[in-house]
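Structure record follows, encoded as structure tokens.
Order of the sequence lines sets the chain letters (A, B, ...), proteins ahead of strands, with each chain counted from 1.
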There are 4 protein chains.
Amino acid sequence: MTIGHNSGHGDFDDENGIEVTDDRLRLLIERIETLEEEKKGVNDDVREVYAEAKAVGYDVKIMRQIVRLRKMKPDDRREQDLVLETYRAALGMV
Amino acid sequence: MTIGHNSGHGDFDDENGIEVTDDRLRLLIERIETLEEEKKGVNDDVREVYAEAKAVGYDVKIMRQIVRLRKMKPDDRREQDLVLETYRAALGMV
Amino acid sequence: MTIGHNSGHGDFDDENGIEVTDDRLRLLIERIETLEEEKKGVNDDVREVYAEAKAVGYDVKIMRQIVRLRKMKPDDRREQDLVLETYRAALGMV
Amino acid sequence: MTIGHNSGHGDFDDENGIEVTDDRLRLLIERIETLEEEKKGVNDDVREVYAEAKAVGYDVKIMRQIVRLRKMKPDDRREQDLVLETYRAALGMV
DNA sequence: GAACTTATGTCGGTGC
DNA sequence: GCACCGACATAAGTTC
């Protein structure tokens, strides 16, 4: 059994048992792992900022909501508003 | 603005402003809401069982894995196991 | 190694290899699986209602939003509105 | 209503209505938003690597499992494997 | 490719 | 004070 289409790429040869590491796969995995570390770093930074905000008295939960709201494109936010109105009307909610 | 293509079905007439409630829509929504409540109930039951299992010493996370594994068709499970082993081997993970 | 605190409950005895099934664990798993099937049933019902609604011309996506909105307790919805206003003010958005 | 305990810090004064922008809050939010953008960038990179892997024939789902496994400390991994095997055995799953 | 479901991690609250 | 618990938030996987 081979992994992917890799046989013949010279990456390994498990018939002889000499080379058992699939370098292509390994490199891809390592690139992902590097990126995951970056991600972790950024996540830590975000957490720090929230901690700092909390320390000076802001409400973190509300801040998260704010960030989320600002992330929505204005159009989406408007559409959401519109849907709400339509639903209220159709279901008889004032 | 109407919801769906329903105008003319006699459900409401917002031109005259006499009937503003779309009963058909309301009923559909209510059926869904009833079902959603059932869902919530079942979810709570599941949580309870896991809590009970934990209380007598089982590892909940592993139990979830077991449930997932049992849900898969045996062939798929075997195949998945095999591929995973192959990749682990290819990366030199014991 | 034992699973949980179960040894001594007579559930199994892997020293003799006579009884290898942990009935307690099995029963818990089976209860979960039964509940999961119920869940699947209810999910299917929900899907059906949406299909029916779609068939008579309603917009399923919008209906889902409606259900979600109605699920929020009025207070929460009001609070969310309030947060939005507060944030707009505090950040100088008209 | 103020956000946080900030009044008196000179950031704004909503009694007079002269200054309505809470700069401290705004700056914190902006720092978070910048970090969120970085996060998005990294996430896109990760997705790209998986796409590349898929394009040359690797099984992305399994690769994710591998990444997850490698993230665990070797001891934890071994322990988890072991527990899982134990449970499978206890349930008679080959 | 969008949306729903499931899984995991984090956080604030609460009991021992 | 520490540990569990529920709520919330994010990420991953699955389905249509």
Legend entry - Salt bridge present between D:K39 and D:E36 (N-O < 4.0 angstrom): yes
Legend entry - Pair D:D76 + B:K61: basic N to acidic O under 4.0 Å: no
Under 3.5 Å, which donor-acceptor pairs link side chains of residues 62-70 of chain B to any protein atom two or more places apart or in another chain?
| residue | atom | partner | partner atom | Å |
| --- | --- | --- | --- | --- |
| B:R70 | NE | C:E33 | OE2 | 2.7 |
| B:R70 | NH2 | C:E33 | OE1 | 3.1 |

Legend entry - Per-nucleotide protein contact string for nucleotides 2-15 of chain E, where B marks a base within reach and S marks sugar-phosphate only (heavy atoms under 4.0 Å, - for neither): -SSSSS--SSS---
Legend entry - Rounded distance in Å - CG (A:D59) to C1' (F:dA9): 15 Å
Inset, instruction - Can you tell me the distance, in whole Å, between the CD1 atom of D:I62 and the P atom of F:dG13? - result: 10 Å
Inset, instruction - Using the test side chain to side chain donor-acceptor pair (under 3.5 Å), find all partners of C:E30 that sit at least two apart in sequence or belong to another chain. - result: C:R26
Inset, instruction - Output yes when a side-chain donor or acceptor of C:Y58 lies under 3.5 Å from a complementary backbone atom of B:L28, and no otherwise. - result: no
